[in-house]
Structures are given as C-alpha cells and as structure tokens.
J.: 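Sharing a structure below in structure tokens format, with a few things to ask.
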Amino acid sequence: MILALETSCDDTCAALVAADGAVAANVISSQEAHTRFGGVVPEVAARAHLELIDHVLDEAFARAGCSLDDVELVAATRGPGLVGALLVGFATAKALAAARELPFAPVDHLAGHVAAAYLRPAVFAPPFIALIASGGHTLALAVRERGAPPEVLARTLDDAAGEAFDKGARMLGLGYPGGAALERLAADGDPLAYEFPIGRGEDFSFAGLKTALLYKARELDLDSQQVRADLAASYQRAIVEALALRVERALERTGLGRLALGGGVAANGALRARLGGLGVELFLPPLELCTDNAAMIASAAFDIEPLAYPSYLDLDVYATGEGPLR
Ligand code: KG4
Ligand code: ZN
C-alpha cells in the first residue's frame, strides 16, 4: 500500500492506494477559511493544513481499513505550490516514513495530475494529450510514456484558467472559488452576446481577457440579471475556446488522437462539451481525481525511484522552477 499526502494549495489530502492502482481511500478536506478573503491566503492555508492533517490521515486509514503496518511506501507532493502549505504534508510524510524506516517518494504535483489517469477502475494509458487546467496551472502536455517526463506544448503566460474563472466570477459578484458559480450563471446567458479575446499565441494567456471583462462590465448595467448571464456565458466561451484552440493544435502537431483532462476546470460542462466534439477519444477522470487529491500523488509515486531511508530526510520542497514540468 502507498500512503500519499498532498498539501500544495488549500486542500488537505491523504490517500491509500494499492500497488495495482486501486484507490483504498482518497480523503480531501477543502479549507473553508479562504472564502472570506476571495482567494487562497498562503499563511492561512499552511496553518489550516497543520490543523487538518492528522484528522485527514486518521480518516484515510479508517476508510481503507488498514494501518501504518500495511504501508510499504510513503509519498508526498514536493512542489510546485505554496511553500508553507507544501511543507506541512511533506514534513509529515517524511516523518511517518522515517519512523518506520520506509522508502519515500517526492512527487511533482503536475506529474500527479497526469497520473490520475492511471488509477483504477478507469485506467487511461499513454500516449495521450493531457490538458491540466486548475486554479494554479494551465498546461497542454504530450504524454507519450508512463513515467517519462511529458513534453510541454503550451503553458500559461500569466493567470491560470481556473484563476480566470475565479477573477471573472468576482467581477460578476459571485463568491470564491467562482468557476462553478460562473458556469451556473452562464447557463442562462448567450455565449455570443459579447466578444472576448482568446489569444492566438502558442501559449495560454488570460490576463487580457480579464481586463476586457472589467472594461465591458463598467459599460454595462450589472443589475440586469440577463446582462450578467450574457457576460458570464461570453467570458466562459472565451476561456473554453482558448483552451480548445491549444488542445486542437497539440492533437494536430503530435498526431495523437487521445485526450485526458485534469484540474478543477475539467468540471466545466461547456469545456467538456467543446472537447467532446473534437472527435478524439476523451478521458474525463471522476471529478474527485481531477481536483487536487492525494490518490494522484500515490499514482505518480509508482513511476519514480523511491529514496531509501534516511536519504530523504534533508529534502526540501519547491514553490516553482524545479521539477520535470518547470
Ligand atoms: O484543481 P483545483 O481543485 O485546485 C487547484 O489546483 O487550483 O481547481 C480549482 C479551480 C478553481 O479555480 C475553480 O474555480 C475551478 O477549478 N473550477 C471550475 C469549475 N469548478 C471548479 N471552473 C470552471 N467551471 C467549473 N464548473
Ligand atoms: Zn492542482
């Protein structure tokens, strides 16, 4: 059994995954503390992880019906993410591994999102294009072989796709995180009511789109529910089209006819429908494996050479700039 911890952002997660990729427990505790700030506050996240981590671990063992005696390998997210938040899960995992003199696997968070596809029962094997879109990252990757570093085909130059949803939602008076709320508002709107930029470059860029919404919102009467719905629908369409354009290019350039989604934005119905219309084999993991979770970290841990006790004790986390997908 692999025990994995994930604390890179605002979800405190622990999972137990068997050697064949079957998920015995996947516990996710989403921190509520950030809602009133309209975004994740790093220091608040780190403190909340500290409060939650023991309970989340206990819950994972209880759900899996096993104990530390059954664990053969401990894994944790090393980065990228918020350093203070990462440290809680990483230090806890190292301590548990060290206490039992177990091997330890430091996992890259983005490799984890890709490896969600390898978990049972719905296994999707390479080669495929992966679109990872969340509040922290936006990547189009060519995944050719399990465990080998994927090729980055497009990345974001500024905001992440989920961040674009969240900031747009905020301008339309919706709460945080706003992606799902914006999608609900957009359901009654006309996606062609307003024109928003999607960018034509190689990479993703959502900063201009956000500014365009700000200016448009200033011109219009936001007290009108129809105007707000039309704005939400048009804005959502622009994000979806920006993502779809890079995915289409990635499929074309690599000749791969298979696509896997990951990250919280994969929950978006408009995005799923748009990518479903591409005529390629589309893999949508269950939602709890798309958003941040520790089962995906365990899955990625299978593909790296574990470090023997005690060689991992002085290992540190990274915020960004390291790891296979830097
Ligand atoms: O993967 P995730 O849970 O955490 C991060 O690593 O960020 O993704 C959260 C992001 C948030 O930005 C949220 O607004 C977005 O995913 N999201 C959505 C939807 N549900 C969540 N965006 C668009 N439509 C949705 N239905
Ligand atoms: Zn993530």
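We use all heavy atoms of the structure for the numbers below, so side chains are in, but hydrogens, waters and symmetry mates are not. Order of listing sets the numbers, starting from 1, for every ligand and every atom in it.
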J.: Among all protein non-hydrogen atoms, which one is nearest to atom 22 (N) of ligand 1, and what is the separation to 0.1 Å?
T.: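 Among all protein heavy atoms, the one nearest atom 22 (N) of ligand 1 is G179 CA, 3.5 Å.
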J.: Apply salt bridge (Lys or Arg N to Asp or Glu O under 4.0 Å) to the pair D69 and R100, showing each step before the final yes or no.
T.: CA-CA 9 Å; D69 294 341; R100 295 294 178 111; 2.7 Å; yes
J.: How close do L289 and A295 get, counting heavy atoms only, and between which atoms?
T.: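 The answer is CD2-CB, 4.0 Å.
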J.: Looking at ligand 1, does any of its N/O atoms fall within less than 3.5 Å of an N/O of D11?
T.: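 Between D11 and ligand 1 (N or O atoms, distance only) the closest approach is not under 3.5 Å.
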J.: Kindly indicate, with the supporting measurements, whether the criterion side-chain hydrogen bond (donor to acceptor under 3.5 Å, both in side chains) is fulfilled by Y118 and D303.
T.: CA-CA 11 Å; Y118 311 144; D303 298 331; 5.7 Å; no
J.: Need the ligand 1 atom indices (1-based, order shown) with element for anything under 4.0 Å from a heavy-atom of F165.
T.: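 Numbered from 1, ligand 1 contributes 22 (N), 23 (C).
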J.: So which N/O/S atom does H109 have closest to the Zn ion (ligand 2)?
T.: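 This residue's closest N, O or S atom turns out to be NE2.
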J.: Quick one: nearest non-hydrogen protein atom to atom 2 (P) of ligand 1, plus distance?
T.: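 Among all protein heavy atoms, the one nearest atom 2 (P) of ligand 1 is G264 N, 3.7 Å.
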J.: Test Q31 against S29 for side-chain hydrogen bond (donor to acceptor under 3.5 Å, both in side chains), laying out the working first.
T.: CA-CA 6 Å; Q31 300 174 0; S29 179; over 6 Å; no
J.: Which one of L182, T291, L174, V40 has a non-hydrogen atom at the shortest distance from atom 3 (O) of ligand 1?
T.: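 It is T291 whose heavy atom sits nearest to atom 3 (O) of ligand 1.
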J.: Specify the protein heavy atom at minimum distance from atom 7 (O) of ligand 1: its residue, its atom name, and the distance to 0.1 Å.
T.: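 The answer is G135 N, 2.8 Å.
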J.: Can you sort out which atoms of ligand 1 are near D166, meaning under 4.0 Å from one of its heavy atoms?
T.: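 Within the 4.0 Å cut-off of D166, ligand 1 contributes 11 (C), 12 (O), 13 (C), 14 (O).
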J.: Would Q236 and N268 count as a side-chain hydrogen bond (donor to acceptor under 3.5 Å, both in side chains) here? Give the steps.
T.: CA-CA 9 Å; Q236 171 175 266; N268 187 271; 3.0 Å; yes
J.: F124 ring centre to R258 NZ or CZ under 6.0 Å, with the angle to the axis within 45°?
T.: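 Yes, R258 and F124 form such a contact.
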J.: Which atoms of ligand 1 have any heavy atom of G162 under 4.0 Å away?
T.: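 Ligand 1 atoms under the 4.0 Å threshold to G162: 12 (O).
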J.: Strictly below 4.0 Å, N to O, side chains only: are R246 and E202 in salt-bridge contact?
T.: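 A salt bridge is absent here (no side-chain N lies under 4.0 Å from a carboxylate O).
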J.: Do E43 and R47 pass the salt bridge (Lys or Arg N to Asp or Glu O under 4.0 Å) test, and can you show the C-alpha distance, the side-chain angles, and the key distance before you say yes or no?
T.: CA-CA 6 Å; E43 182 63 24; R47 284 166 194 261; 2.8 Å; yes
J.: Within the 4.0 Å heavy-atom shell around G136, which atoms of ligand 1 are there?
T.: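 That gives atoms 7 (O) of ligand 1.
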J.: Identify, by atom number and element, the atoms of ligand 1 in contact range of D292, meaning under 4.0 Å from any of its heavy atoms.
T.: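 Counting atoms of ligand 1 from 1, those under 4.0 Å from D292 are 1 (O), 3 (O), 4 (O), 5 (C), 6 (O).
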J.: Just give me the atom name: the N, O or S atom of H113 closest to the Zn ion (ligand 2).
T.: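 For H113, the N, O or S atom at the smallest distance from the Zn ion (ligand 2) is NE2.
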J.: Could you please compute the angle at the Zn ion (ligand 2) from NE2 of H137 to OD1 of D292, rounded to 10°?
T.: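 Angle OD1(D292)-the Zn ion (ligand 2)-NE2(H137): 170°, rounded to 10°.
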J.: Going from CG on L182 to CE on M171, what distance comes out if it is rounded to the nearest 0.5 angstrom?
T.: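 The CG atom of L182 sits 10.5 Å away from the CE atom of M171.
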J.: What are the atoms of ligand 1, with element, lying closer than 4.0 Å to any heavy atom of E183?
T.: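 Atoms satisfying the 4.0 Å criterion: 24 (N), 25 (C), 26 (N).
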J.: Could you check whether any heavy atom of A180 sits closer than 4.0 Å to an atom of ligand 1, since that is the contact criterion I want to use?
T.: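 Yes.
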J.: Begin from the C-alpha positions of D10 and H49 and carry the test side-chain hydrogen bond (donor to acceptor under 3.5 Å, both in side chains) through to its verdict.
T.: CA-CA 8 Å; D10 61 341; H49 283 308; over 6 Å; no
J.: For atom 23 (C) of ligand 1, grab the closest protein heavy atom and report residue, atom and distance to one decimal in Å.
T.: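 Answer for atom 23 (C) of ligand 1: N268 ND2, 3.5 Å.
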